[in-house]
Amino acid sequence: MSEEKILQVQDLKTYFKTDEGTVKAVDGVSFSLGKKESIGIVGESGSGKSVTNLSILRLIPSPPGKIISGKVMLEDTDILQLPKAKLRTIRGNKISMIFQDPMTSLNPFLKISSQMVETIMLHQKLSKRDALDLSIDMLKSVGIPKPDKRITDYPHQFSGGMRQRVMIAMALSCNPQVLIADEPTTALDVTIQAQILEIMQELSNRLGTSVIMITHDLGVVAGMCDRIVVMYAGRIIEEAHTDDLFADPKHPYTQGLINSVPRLDKKTRQKLSSIPGQPPNLIDLPDCCPFYPRCTRAMDICRTKYPPKTEIQSNSSTRHVNCWLYA
């Protein structure tokens with residue numbers, strides 16, 4: 001993993017205006033992604049994971065959403081400041097995204113060949129014949145049998161796992177620098193999940209692509225990501241190397257997430273625990289720790305002031321946590 005940063009997100013804020021008030025879906029998120037690095041962004045539904053990454057590509061529907069402030073630096077370029085014409089050269093070319101539901105991401109009225117060839121010709125300046133050959137090669141690389149025949153099929157002729165393989169092939173066909181995968185294994189059975197993750201990891205390693213994996217499943221990021229970012233209520237509350245996070249989670253919310261997942265490395269049987277309560281309403285959220293109503297270790301200061309980012313040294317690596325227990 002290179003120390004050189006390919007992507008840096010700085011103080012990103014994305015709000016949604018509603019009749020009830022302002023939803024601060026992403027509220028001051030900052031993280032970086034190194035070359036050939038894989039990071040996982042985890043948290044419950046509504047924590048801001050997907051909105052963060054849609055903001056990176058400026059895919060937030062406006063209205064009601066709006067990127068209020070922040071920077072998204074792809075090497076030396078701030079994506080948030082680019083004109084729309086220039087932005088189209090970034091999307092799908094330098095940064096690709098695999099969306100959560102491949103059935104709604106693929107056009108049901110177009111053959112797979114039409115969708116893949118159009119993407120490649122737009123970004124790679126190849127002829128239609130060369131783009132078709134590359135499309136077939138990419139389908140073969142993700143394990144689709146008889147790719148020269150299947151490429152003329154429609155999306156409904158593929159299973160859920162096969163459609164997700166097509167999405168991976170499309171996303172990586174232009175050899176992007178960054179791949180964002182938004183819960184790519186949702187609604188797939190466990191065996192197919194493992195195959196999809198293995199394909200993504202093998203291809204990203206071979207192509208040298210940096211990966212941002214969005215998921216609520218800690219088991220997915222455990223074996224695939226170098227670093228994990230934990231989000232809650234639109235903010236990052238903990239960030240650490242994967243081994244450090246699983247060995248010694250610091251934030252009570254992270255501890256709750258890990259304790260709710262079955263562990264094969266435990267010698268004794270332990271009852272799975274759940275995090276009590278519900279995620280907070282993000283409309284006009286007060287400036288305090290949003291997790292305190294659900295936290296068993298909450299203190300008086302948690303109810304009145306948001307905790308600062310605290311740097312902790314562990315196992316020769318640096319981690320960060322936003323919690324008054326360590327401030």
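Keep in mind that this is a model prediction, so the values were computed, not measured. All residue numbers in this chain count up from 1 along the given sequence. All values below were derived from every heavy atom in this structure, side-chain atoms included, with hydrogens, water molecules and symmetry-related copies excluded.
The other residues sharing a hydrophobic cluster with I68 are Y15, where clustering joins ILVMFWY side chains under 4.5 Å apart. W324 belongs to a hydrophobic cluster whose other members, connected by ILVMFWY side-chain contacts under 4.5 Å either directly or through intermediates, are M299, I301, I312, V321, L325, Y326.
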If you apply the rule side-chain contact (heavy atoms from CB on, under 4.5 Å), what do you find for I112 with Y154, and how did you get there?
CA-CA 6 Å; I112 298 299; Y154 289 90; over 6 Å; no
One pair to check against side-chain contact (heavy atoms from CB on, under 4.5 Å): L179 and S96. What are the steps and the verdict?
CA-CA 5 Å; L179 174 66; S96 284; 4.1 Å; yes
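Looking only at distances, no side-chain donor or acceptor of R235 sits under 3.5 Å from a matching main-chain atom of G48. Judged purely by atom type and a 3.5 angstrom limit, Q115 uses its side chain to pair as donor or acceptor with the backbone of L110. The main-chain N or O of Q201 is found under 3.5 Å from a side-chain atom of N205 such that the two form a donor-acceptor pair.
Partners of T254 according to the side chain to side chain donor-acceptor pair (under 3.5 Å) rule, which considers only residues two or more places apart in sequence or in another chain, are E238. In this structure N281 satisfies the side chain to side chain donor-acceptor pair (under 3.5 Å) test with no other residue, sequence neighbours excluded. Shown here are the salt bridge (charged side-chain N to carboxylate O under 4.0 Å, His left out) partners of D153, two or more places apart in sequence or in another chain: R150.
Across all their heavy atoms, I228 and F246 have their closest contact at CD1-CE1, 3.5 Å. Scanning both residues, H241 and S317, for their nearest heavy atoms gives CD2-CB, 3.4 Å.
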Please list every donor-acceptor pair under 3.5 Å in which a side-chain atom of residues 212-219 meets a protein atom from a residue at least two apart or in another chain.
unit_1 : atom_1 : unit_2 : atom_2 : d
T215   : OG1    : D217   : N      : 2.9
H216   : ND1    : E183   : OE1    : 2.9
D217   : OD1    : G219   : N      : 2.9

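Counting heavy atoms from C-beta on, the side chains of L54 and F99 come closer than 4.5 Å.
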